[in-house]
Undergrad: 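Sharing a structure below in structure tokens format, with a few things to ask.
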Number of protein chains: 2
Amino acid sequence: MTQDGSEPAEALSATDRVVDVLRGRILEGTLSPGAALRETSVATELDVSRNTLREALRLLTSEGLVTQAPNKGASVKAFTASEVRDIYRTRRVLEVQAATESAVADESRFTAMETAVAAKERAEQARLWREAGTASLRFHQALIAVLGSCRLNEFFRTLLAQLRLAWAESCDEERFQRGWAARDRELFELLRQGLRAQSVGVLLLYLEDSERQVLDGLRRARAAPHQARTETGAHGVAPLEHTPRGE
Amino acid sequence: MTQDGSEPAEALSATDRVVDVLRGRILEGTLSPGAALRETSVATELDVSRNTLREALRLLTSEGLVTQAPNKGASVKAFTASEVRDIYRTRRVLEVQAATESAVADESRFTAMETAVAAKERAEQARLWREAGTASLRFHQALIAVLGSCRLNEFFRTLLAQLRLAWAESCDEERFQRGWAARDRELFELLRQGLRAQSVGVLLLYLEDSERQVLDGLRRARAAPHQARTETGAHGVAPLEHTPRGE
DNA sequence: ATGGAAATATTGTTGAACAATCAGGCTTCT
DNA sequence: AGAAGCCTGATTGTTCAACAATATTTCCAT
């Protein structure tokens with residue numbers, strides 16, 4: 001509503017709007033991991049009915065950004081170490097495949113990646129850490145795009161959103177993002193040159209280091225609760241593992 | 001409610017129950033592709049409120065089994081050819097990787113696959129075509145499991161559910177399933193022997209043939225509408241492409 | 001303090017309501 | 001007859017108020 005009135009194209013439903021707003025707040029850090037999402041308060045704040053809000057929460061839960069425990073309500077997802085590992089395992093599968101396939105990819109794919117990498121470098125220079133994180137994710141998203149599948153793109157998008165959230169908990173952005181622009185650049189250049197084996201090797205190291213960093217940060221954050229959480233403490237609270245039907 | 005009362009363990013919410021029931025009906029074919037899901041009628045039939053039903057529909061939409069057009073309501077998803085291709089593209093990425101990795105997989109993974117393949121053979125023998133289809137999907141699900149990622153498993157599950165639905169539209173089960181047990185078996189044996197290159201080769205052919213068959217069936221079904229659809233015809237009705245933000 | 005009971009808050013679910021939009025039939029005009 | 005428009009009934013999008021069931025907090029008596 002108060003967004004940009006330029007394009008009247010999209011007439012989002014109330015639910016969709018709420019999903020967007022909440023997703024935005026979660027990813028941008030306004031809503032910290034573990035924070036409770038009380039139905040009435042959020043609903044009145046966003047000026048929608050409790051029913052609509054509930055739909056939105058359900059959707060966000062299915063995106064993996066929110067957890068819902070029966071009769072106890074919803075809260076911003078706080079990832080466990082094992083979940084973070086799962087996310088990286090998934091990334092490895094997809095990105096390695098993408099790196100391999102990128103050797104025969106269209107040139108336009110590379111310009112998309114290049115754009116993201118350049119953005120990341122600028123952001124790091126300017127010390128806009130959150131921005132830097134986003135750019136990095138965009139680079140990897142562009143990498144996945146070479147696989148040419150909508151479904152995969154969409155899936156990867158939700159995956160990275162989860163990772164973004166995990167980052168949010170694990171540490172302060174600066175220490176977290178500093179120095180990664182160079183590694184993104186390195187990886188990108190190898191990909192562009194079509195050096196499969198090398199690309200994959202570098203990629204695996206990249207992911208391994210990144211994973212370790214997140215896990216360390218998470219461990220540290222859990223050990224010494226950074227700062228008072230908005231509501232529900234994110235401390236010893238076992239974040240209610242969602243039923244893992246598979247695996 | 002009238003299910004099996006053996007395990008009182010799971011206390012599903014109303015929404016979850018509705019999702020399960022509808023998903024079941026869609027995959028089992030009771031609800032054909034293109035069929036309209038009128039809110040009031042479905043809600044009263046399942047004995048829940050319209051609000052609850054709406055939550056369920058939203059969820060099913062996010063699973064890709066239902067489409068919702070603004071102000072026009074929900075209907076069982078009818079896949080386009082290009083979507084089917086997208087599904088297979090995704091399968092290729094994941095299954096090829098899984099086949100590769102299966103060479104170093106735990107023995108227990110193979111027993112899971114073996115079970116599914118055997119079930120498929122029995123089903124084909126007994127001419128239980130739908131059962132056969134399910135077994136085949138279970139085999140491929142088990143293959144993906146070697147990648148060891150919950151998220152990937154879950155994603156693949158929804159992917160195969162979509163494919164199941166696409167099959168439903170594309171043809172009668174018999175012609176569709178006959179003969180595939182042998183190919184599943186062939187693939188499985190190669191995997192078990194750890195012959196990477198050969199496995200991948202056979203797998204790619206398998207997927208290519210399967211894709212072609214589905215696309216042919218779909219074309220045929222569209223050309224000569226099999227039988228009167230429950231409600232909304234699934235004929236020339238452009239099934240309202242869901243916004244493809246990515247790709 | 002400590003266990004437990006009463007009070008309060010929150011969730012799960014429903015039913016009814018109403019404006020906005022859609023689908024089909026009917027009228028009317030050319 | 002055929003096209004343009006209008007009316008009407010269905011259906012969706014969204015809200016509100018209610019109530020039972022389940023947490024959480026408060027408070028009291030021991």
Side-chain angles (χ1 to χ4, degrees), chain A residues 1 8-22 34-62 66-76 229-233 235-240 242-243, chain B residues 1 8-22 31 34-62 66-76 229-240 242-243:
Chain A
M1 233 178 236
E10 304 276 352
L12 277 302
S13 79
T15 305
D16 291 329
R17 248 179 309 142
V18 172
V19 169
D20 285 348
V21 171
L22 289 180
L37 300 166
R38 219 68 50 40
E39 293 185 357
T40 50
S41 56
V42 179
T44 61
E45 198 230 322
L46 297 187
D47 206 47
V48 292
S49 82
R50 204 153 74 84
N51 282 317
T52 337
L53 179 80
R54 271 165 81 58
E55 279 185 33
L57 289 179
R58 266 258 156 68
L59 257 349
L60 286 169
T61 299
S62 86
V66 162
T67 45
Q68 284 179 294
N71 289 313
K72 299 186 65 180
S75 50
V76 179
R229 278 289 146 47
T230 318
E231 275 280 299
T232 296
H235 194 187
V237 164
L240 264 159
H242 72 138
T243 84
Chain B
M1 234 179 231
E10 303 277 351
L12 277 303
S13 80
T15 305
D16 291 330
R17 249 179 308 141
V18 172
V19 169
D20 285 348
V21 171
L22 288 180
L31 256 36
L37 300 166
R38 221 63 61 30
E39 292 185 358
T40 51
S41 55
V42 179
T44 60
E45 198 230 323
L46 297 187
D47 206 47
V48 294
S49 82
R50 204 153 74 86
N51 283 317
T52 323
L53 180 80
R54 273 172 129 281
E55 278 184 32
L57 288 179
R58 266 258 156 68
L59 257 348
L60 286 169
T61 299
S62 86
V66 163
T67 43
Q68 284 179 293
N71 288 316
K72 298 186 65 180
S75 50
V76 179
R229 276 291 147 44
T230 317
E231 274 280 300
T232 296
H235 194 184
V237 164
L240 264 156
H242 73 140
T243 85

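Remember, it's a predicted structure, so these values are computed and weren't measured experimentally. Residue numbers begin at 1 in each chain, while the letters A, B, ... track the order of the sequences.
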Undergrad: Kindly compute the distance separating CG (L37(B)) from CG (L31(B)), expressed to the nearest 0.5 Å.
TA: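 With rounding to 0.5 Å, CG (L37(B)) is 5.5 Å from CG (L31(B)).
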Undergrad: Using the side chain to side chain contact (heavy atoms under 4.5 Å, CB included) criterion, which residues pair with T40(B)? Sequence neighbours excluded.
TA: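 R50(B).
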Undergrad: Starting at the 5' end of DNA chain D and moving along, which residue's nearest nucleotide shows up first, G73(B) or N71(A)?
TA: G73(B)
Undergrad: If an axis is fit to five pairs at each end of the helix from dA1(C)-dT30(D) to dT30(C)-dA1(D), what is the angle between the two, to the nearest 10°?
TA: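 Helix axis angle between the two ends: 10°.
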Undergrad: Could you tell me which residues satisfy side chain to side chain contact (heavy atoms under 4.5 Å, CB included) with T44(A), sequence neighbours excluded, listed by chain and number?
TA: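 Side chain to side chain contact (heavy atoms under 4.5 Å, CB included) list for T44(A), sorted by chain: empty.
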Undergrad: Decide yes or no for T61(B) and T67(B): does some side-chain heavy atom of the first lie under 4.5 Å from some side-chain heavy atom of the second?
TA: no
Undergrad: Suppose we screen for side chain to side chain contact (heavy atoms under 4.5 Å, CB included). Which residues come up paired with R58(A), at least two apart in sequence or across chains?
TA: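 Listed in chain order: Q68(A), S13(B), T15(B), D16(B), E55(B), L59(B).
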Undergrad: First contact, last contact: which nucleotides of DNA chain C are these for chain B, 5' to 3', heavy-atom distance under 4.0 Å?
TA: dT13(C) to dA23(C)
Undergrad: For D16(B), report the nucleic acid contact type (base, sugar-phosphate, nothing); a contact means any heavy atom under 4.0 Å.
TA: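 No contact.
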Undergrad: Heavy atoms within less than 4.0 Å of DNA chain C: which residues of residues 51-60 of chain A have one? Give them sorted by number.
TA: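 Residues of residues 51-60 of chain A that come under 4.0 Å of DNA chain C are, in numerical order, N51(A), R54(A).
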Undergrad: For G34(A) and S75(A), work out which heavy atoms get closest and say how close.
TA: O-CB, 3.9 Å
Undergrad: Sequence neighbours excluded, which residues qualify as side chain to side chain contact (heavy atoms under 4.5 Å, CB included) partners of S41(B)?
TA: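 Scan of S41(B) (side chain to side chain contact (heavy atoms under 4.5 Å, CB included), adjacent residues dropped) gives R38(B).
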Undergrad: Before you tell me yes or no, could you show the steps for L57(B) and L22(B) under side chain to side chain contact (heavy atoms under 4.5 Å, CB included), namely the whole-Å CA-CA distance, both residues' side-chain angles and the distance that decides it to 0.1 Å?
TA: CA-CA 9 Å; L57(B) 288 179; L22(B) 288 180; 4.2 Å; yes
Undergrad: Need two values: the first and the last nucleotide of DNA chain D, 5' to 3', having an atom under 4.0 Å from any heavy-atom of chain B.
TA: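 Counting from the 5' end, contacts occupy dT11(D) to dT15(D).
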Undergrad: From the options V42(A), V48(A), D47(A), select the one residue that forms a side chain to side chain contact (heavy atoms under 4.5 Å, CB included) with V18(A).
TA: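 The passing option is V48(A).
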